[in-house]
**Student:** 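Just passing along the structure, written as structure tokens.
Residues: numbered from 1 along the sequence shown. Since the model is a prediction, treat every value here as computed from it, not as a measurement.
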Amino acid sequence: MTDKTDYRATLNLPDTPFPMRGDLPKREPGWVKEWEDTGLYKRLREARCGRQKFVLHDGPPYANGQIHMGHAVNKILKDMIVKSRQLKGLDASYVPGWDCHGLPIENAIEKQFGRNLSRDEMQAKSRAYATEQIALQMADFKRLGVLGDWGHPYRTMDFVNEAEEIRAFKRVIERGFVYRGLKPVYWCFDCGSSLAEFEIEYADKKSQTLDVGFLADEPRKVVAAFGGGDASKPIFAVIWTTTAWTIPANQALNLNPELEYALVDTPRGQIIVAQVLVEKVLARYKLAGTVVATTKGENLANLNFRHPLYDVDPGYRRLSPVYLADYATAEDGTGIVHSSPAYGLDDFNSCVAHGLKYDDILNPVQANGSYAPDFPLFGGENIWKSVPHIIQTIEQAGRLFATENIVHSYPHCWRHKTPVIYRAAAQWFIRMDEGEGVFTKDKAPDTLRNMALKAIEDTSFYPENGKVRLRDMIAGRPDWCISRQRSWGVPLPFFLHKDTHDLHPKTMEILDVAADMVDAGGIESWSKATTGEILARVGAGADAADYVKSQDILEVWFDSGTTHTTVLKKSHPGAGHDEGGPEADLYLEGHDQHRGWFHSSLLTAAAMYGRAPYRGLLTHGFTVDSQGRKMSKSLGNGIEPQAVSSKLGAEIIRLWVAASDYSGDIAGDDKILARVVDAYRRIRNTLRFLLANVSDFDPAKDAVPLGEMVEIDRYALARAAEFQAEVLAHYEVYEFHPVVAKLQVYCSEDLGAFYLDILKDRLYTTAPKSHARRSAQTALWNITHAMLRWMAPFLSFTAEEAWKVFGSSDSIFFEEYAEIGSPDTGLIAKWNRIREIRDIANKEIEAVREKGLVGSSLQANLVVTADSNDHALLQGLGEDLKFVFITSAVALVKGDALSVQALPSQDTKCERCWHWRPDVGRDPAHPTICGRCVSNLFGAGEPRVHA
């Protein structure tokens, strides 16, 4: 060689086809297509057949509208969990599903085709619409890199699932939980149907309050009950309400038996209110008054008062008796509660308990929100719009004492965001507590409430506070109203007697027939069949003239709530556990599903089997912007998964989800995603360095046994083993954001700033097949194997791309977590101290660099003063010490405390390795390189023991 030799060509420079730029938006669709074309999910199931199962049961999104970022978060979290369990070696199945029946789809059809469709037309168009929506959503979910059984998803509208739902309903009946009753239930005028507790959310509503007087019908009895007062002057029991529209249907007054009530003399007459509220009430009425007598509520029982519109219209010439009820309190209002039993659960229970018959309950409000046309004074009026008219009428009658506007929390429909009311209707219920059900055959050993509460205790919650939330909801919830007055849904296959409204005596056989019919032809086959045709199949065709086929459907929460048995046991039996315990290991949804899918699934499984359908429940928060506002189209603060995938790549969404603490709300905007992009680049660059430096490494021939490896390489493996233990511990409890945070630190600090920084010299300058280089490559090869598996659950596209360069199987997801030994705690402790000393040295070198005395750290020589322990530690590294500090020379001095001095080297820089050494040019044949480079190129090579 001459002095013109290109020594750069003699270096082992890294090389890999794995590109620095991910080019994610362009390349990711190719991976999605390859996974689909090669049937990756099916092959993964075959590869894990016979292994321990892990079942994450998909809570079905609704088949309506384009997916939003909340959907993306949910599906990516599920995908990461399933993949992490797959890499653990489990048979981790994931069957995606869709919720297909119910009102939102009916609304979409009505907007497109009008509201006068027949039942058959509505069902046909709804099924077609849901099918279209599922195809669109499925494409978006696949684009996010979610692996699942996309070729065989479940849909609640599949014939088999509709049929199995009827069979599940039959089982709930057999266990004694189903009954028909007249009760006030939540009613949405926009839905035109009853709502379940799950479908209610609370929001502020502006209402007009009113204090209304009910004139005593028998004033002498009132005076006698109080032991004072003037029977010749009018006496009013005054109520306070925020629902003026309920006053026309009033049928009673409720007083608390233990509360002290006062008879107060005022210029408007004598009024009865709770004694503790007298001062507040008089101020509100702008009246002076004197308490003339007091008595407990129990002494006023059964006194009669006239309806406030008694003298206005004959239709209101009725009395309101006083009933005693604990729910009447003195917390606000007057201490007296007016009772319209059709429009309040407490009112209903109180009136029924006091002997009011169902047939006598006034229920003038129709399903569309208007009073019946023949209702006195207000017939045909919408109840919300009628409020001013009602208040004006009460005022003209001389019964209005006060009115004002307030804003208060009020129940709303969670679909339409509109106010709902309680409305009495004959509905079908699932009973929470003791009571008789219809056609009970195999009565459950305990109440549904008790069984559900016990099941909660046997369930693991992530995060733990979900347990209290679900337990409180179950503990306090009323009976579950499961009937809906819609067309697009699984039928309640009942026949009711035209006169008695009793169920047909062969109802249980009819349920079997209904299930078989739906199994063969879907819910449409039931809808189209006549009463006579169906009853004939159970040998009761002669009864057809006396019975009416129910037009109600099961509410959609029963649809999705029974998927644990309709899907995991029937339509996809291999996708669930079948040993008799919970069908799923995990349910995962947003925290609003404590009152939704988690809730309904728990109740149906407890009713059918006496247990929960899941071993664990995981909840995540909502997607919000950087200011904590929920993402919404109206605010324009959302980020759409389709747009982000096209611009940055779905991998960035996946990393953002993985890096977020999902136990709270998940914040995202363009700035946050830009930081995620930076994090992705750092991880990708680290991975690329690893791949590039093992491109010529064949582990079968080149691997160095652990005991013969250079010490820092053994440390790197020990640290990787320690890190892997942390990663797997997080994955075990479904934690991802600590893994992402720690992986970034591992890449930048453990690898980039320390191990790989030190390793470059040995990788590049020693002989290609030298022990020193092969030792380093052995460590890097093992670390790469481990790191790809750590990344794969969340950086799925990148891990798969790297695996095509590095791995041996078709996909990273066929692999299991790498075997990299156990952490050597002694070795880790030793090198952790060396790293601490090195950090101090780097600060000193940086200070000298800032003064312009040195360029790179290799131009510096160090003088390290250390106490006996540190001195022995560093001295033990021998000649390799300088490689640890990445300097050209290190001098050790014993002292009392640690200190480092950095001095510029006086030697010559080697053209090849860039070390500053006194032996540069000693070999006349190679005047520009140092002795160790000459040895590494032409001789035995320099020995490396520690670094």
Side-chain angles (χ1 to χ4, degrees), residues 689 709-716 718-719 748-766 772-773 775-776 779-780 827-910 912-920 930-933 936 942-947:
F689 181 93
M709 291 173 69
V710 173
E711 186 178 337
I712 196 173
D713 299 334
R714 289 190 282 115
Y715 161 72
R719 175 68 189 108
S748 61
E749 301 295 331
D750 289 270
L751 296 181
F754 181 68
Y755 180 57
L756 302 184
D757 200 23
I758 294 169
L759 211 58
K760 290 174 184 176
D761 180 87
R762 181 154 44 108
L763 286 169
Y764 301 166
T765 68
T766 59
R773 186 165 181 269
S775 174
L780 294 184
L827 192 63
I828 290 172
K830 173 183 176 178
W831 279 90
N832 283 349
R833 178 55 184 162
I834 292 171
R835 288 176 65 173
E836 291 171 356
I837 298 171
R838 184 177 182 270
D839 288 342
I840 295 171
N842 284 341
K843 290 179 181 178
E844 294 301 317
I845 294 170
E846 186 60 30
V848 175
R849 182 186 287 114
E850 289 176 356
K851 294 176 182 178
L853 300 177
V854 299
S856 73
S857 64
L858 286 172
Q859 193 178 351
N861 290 342
L862 297 184
V863 178
V864 179
T865 302
D867 63 21
S868 57
N869 290 333
D870 286 341
H871 187 277
L873 177 66
L874 298 177
Q875 190 176 47
L877 298 180
E879 290 298 314
D880 289 353
L881 181 58
K882 61 180 176 292
F883 298 119
V884 173
F885 287 109
I886 314 182
T887 58
S888 291
V890 181
L892 284 176
V893 179
K894 277 189 177 182
D896 295 330
L898 181 68
S899 65
V900 179
Q901 183 181 13
L903 303 169
S905 174
Q906 302 302 311
D907 295 319
T908 305
K909 181 181 179 181
C910 172
R912 181 173 182 271
C913 71
W914 296 4
H915 281 244
W916 296 67
R917 292 171 59 95
D919 61 353
V920 172
C930 66
R932 76 184 191 97
C933 280
N936 284 330
E942 66 177 327
R944 293 290 188 95
V945 177
H946 300 286

**Student:** Which value, rounded to the nearest 0.5 Å, describes the distance between I758 atom CD1 and I886 atom CD1?
**Tutor:** 5.5 Å
**Student:** Give, for atom CG of L862 and atom OG of S857, the distance between the pair rounded to the nearest 0.5 Å.
**Tutor:**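 Interatomic distance, L862 CG to S857 OG, rounded to 0.5 Å: 8.5 Å.
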**Student:** Could you tell me if the side chain of V864 sits less than 4.5 Å from the side chain of L881, heavy atoms only?
**Tutor:**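 Not touching, per the 4.5 Å side-chain cut-off.
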**Student:** Which pair of non-hydrogen atoms, one from A776 and one from Y755, has the smallest distance, and what is that distance?
**Tutor:** O-OH, 4.1 Å
**Student:** Step by step, work out the side chain to side chain contact (heavy atoms under 4.5 Å, CB included) result for H871 and L892.
**Tutor:** CA-CA 7 Å; H871 187 277; L892 284 176; 3.8 Å; yes
**Student:** For the side chain of Q901 and the backbone of S899, is there at least one donor-acceptor N/O pair under 3.5 Å apart?
**Tutor:** no
**Student:** Are side-chain heavy atoms of L827 and R714 found at a separation under 4.5 Å?
**Tutor:**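 Answer yes - side chains close enough.
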**Student:** Does the side chain of W916 come within less than 4.5 Å of T908's, by heavy atoms?
**Tutor:** no
**Student:** What heavy-atom pair brings G895 and T865 nearest, and what distance separates the two atoms?
**Tutor:**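 Result for this residue pair: CA-CG2, 3.7 Å.
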**Student:** Side-chain contact test, heavy atoms from C-beta onward, threshold under 4.5 Å: evaluate it for F754 versus E749 and give yes or no.
**Tutor:** no
**Student:** What heavy-atom pair brings R849 and S856 nearest, and what distance separates the two atoms?
**Tutor:** NH2-C, 3.7 Å
**Student:** Do the charged groups of K882 and D761 touch, with an N to O distance under 4.0 Å?
**Tutor:**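 The answer is no: the pair does not qualify as a salt bridge.
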**Student:** For the residue pair C913 and T765, what are the closest heavy atoms and their distance?
**Tutor:**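 Scanning both residues, the minimum pair turns out to be CB-CG2, 3.9 Å.
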**Student:** Where is the tightest heavy-atom contact between A772 and T766, given as atom of each residue plus distance?
**Tutor:**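 Here A772 and T766 meet closest at CB-CG2, 4.2 Å.
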**Student:** Checking N861 side chain against V890 main chain: does a donor-acceptor pair fall under 3.5 Å?
**Tutor:**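 Pair absent, no side-chain N/O of N861 close to backbone of V890.
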**Student:** Side chain to side chain contact (heavy atoms under 4.5 Å, CB included) for R944 and D880? Distances and angles first, verdict last.
**Tutor:** CA-CA 7 Å; R944 293 290 188 95; D880 289 353; 3.8 Å; yes
**Student:** Under the side chain to side chain donor-acceptor pair (under 3.5 Å) test, which residues partner D919, sequence neighbours left out?
**Tutor:** R917
**Student:** Set out, in order, the CA-CA distance, both residues' side-chain angles and the distance that settles side-chain hydrogen bond (donor to acceptor under 3.5 Å, both in side chains) for D907 and H915, then state yes or no.
**Tutor:** CA-CA 9 Å; D907 295 319; H915 281 244; over 6 Å; no
**Student:** Quick one: list whatever passes side chain to side chain donor-acceptor pair (under 3.5 Å) with S775, sequence neighbours left out.
**Tutor:**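 Side chain to side chain donor-acceptor pair (under 3.5 Å) check on S775 returns D713.
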**Student:** Indicate yes or no: does E846 engage K843 in a salt bridge with an N to O separation below 4.0 Å.
**Tutor:** no
**Student:** Within 45 degrees of the ring normal and closer than 6.0 Å to the centroid, is that where the cationic atom of R762 sits relative to F883?
**Tutor:** no
**Student:** Kindly compute the distance separating SG (C933) from CD (E942), expressed to the nearest 0.5 Å.
**Tutor:** 8.0 Å
**Student:** Side chains of residues 828-840: which donor-acceptor partners sit under 3.5 Å, not counting sequence neighbours?
**Tutor:**
from: K830; atom 1: NZ; to: E711; atom 2: OE1; distance (Å): 3.3
from: K830; atom 1: NZ; to: E711; atom 2: OE2; distance (Å): 2.6
from: W831; atom 1: NE1; to: E711; atom 2: OE2; distance (Å): 2.9
from: N832; atom 1: OD1; to: Y715; atom 2: OH; distance (Å): 3.4
from: N832; atom 1: ND2; to: I828; atom 2: O; distance (Å): 3.3
from: R833; atom 1: NE; to: D870; atom 2: OD1; distance (Å): 3.1
from: R833; atom 1: NH1; to: E836; atom 2: OE1; distance (Å): 2.9
from: R833; atom 1: NH2; to: D870; atom 2: OD2; distance (Å): 2.6
from: R835; atom 1: NH1; to: Y715; atom 2: OH; distance (Å): 2.9
from: R835; atom 1: NH1; to: D750; atom 2: OD1; distance (Å): 2.9
from: R838; atom 1: NE; to: V884; atom 2: O; distance (Å): 2.6
from: R838; atom 1: NH1; to: A753; atom 2: O; distance (Å): 3.0
from: R838; atom 1: NH2; to: D757; atom 2: OD2; distance (Å): 3.3

**Student:** Applying side chain to side chain contact (heavy atoms under 4.5 Å, CB included) to V945 and V710, what does each step give before you reach the verdict?
**Tutor:** CA-CA 5 Å; V945 177; V710 173; over 6 Å; no
**Student:** Looking at T887 and A860, what are the two nearest heavy atoms and their distance?
**Tutor:**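 Shortest heavy-atom separation between T887 and A860 comes out as CB-O, 3.3 Å.
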**Student:** Could you go step by step and tell me if L853 and L903 meet the side chain to side chain contact (heavy atoms under 4.5 Å, CB included) rule?
**Tutor:** CA-CA 8 Å; L853 300 177; L903 303 169; over 6 Å; no
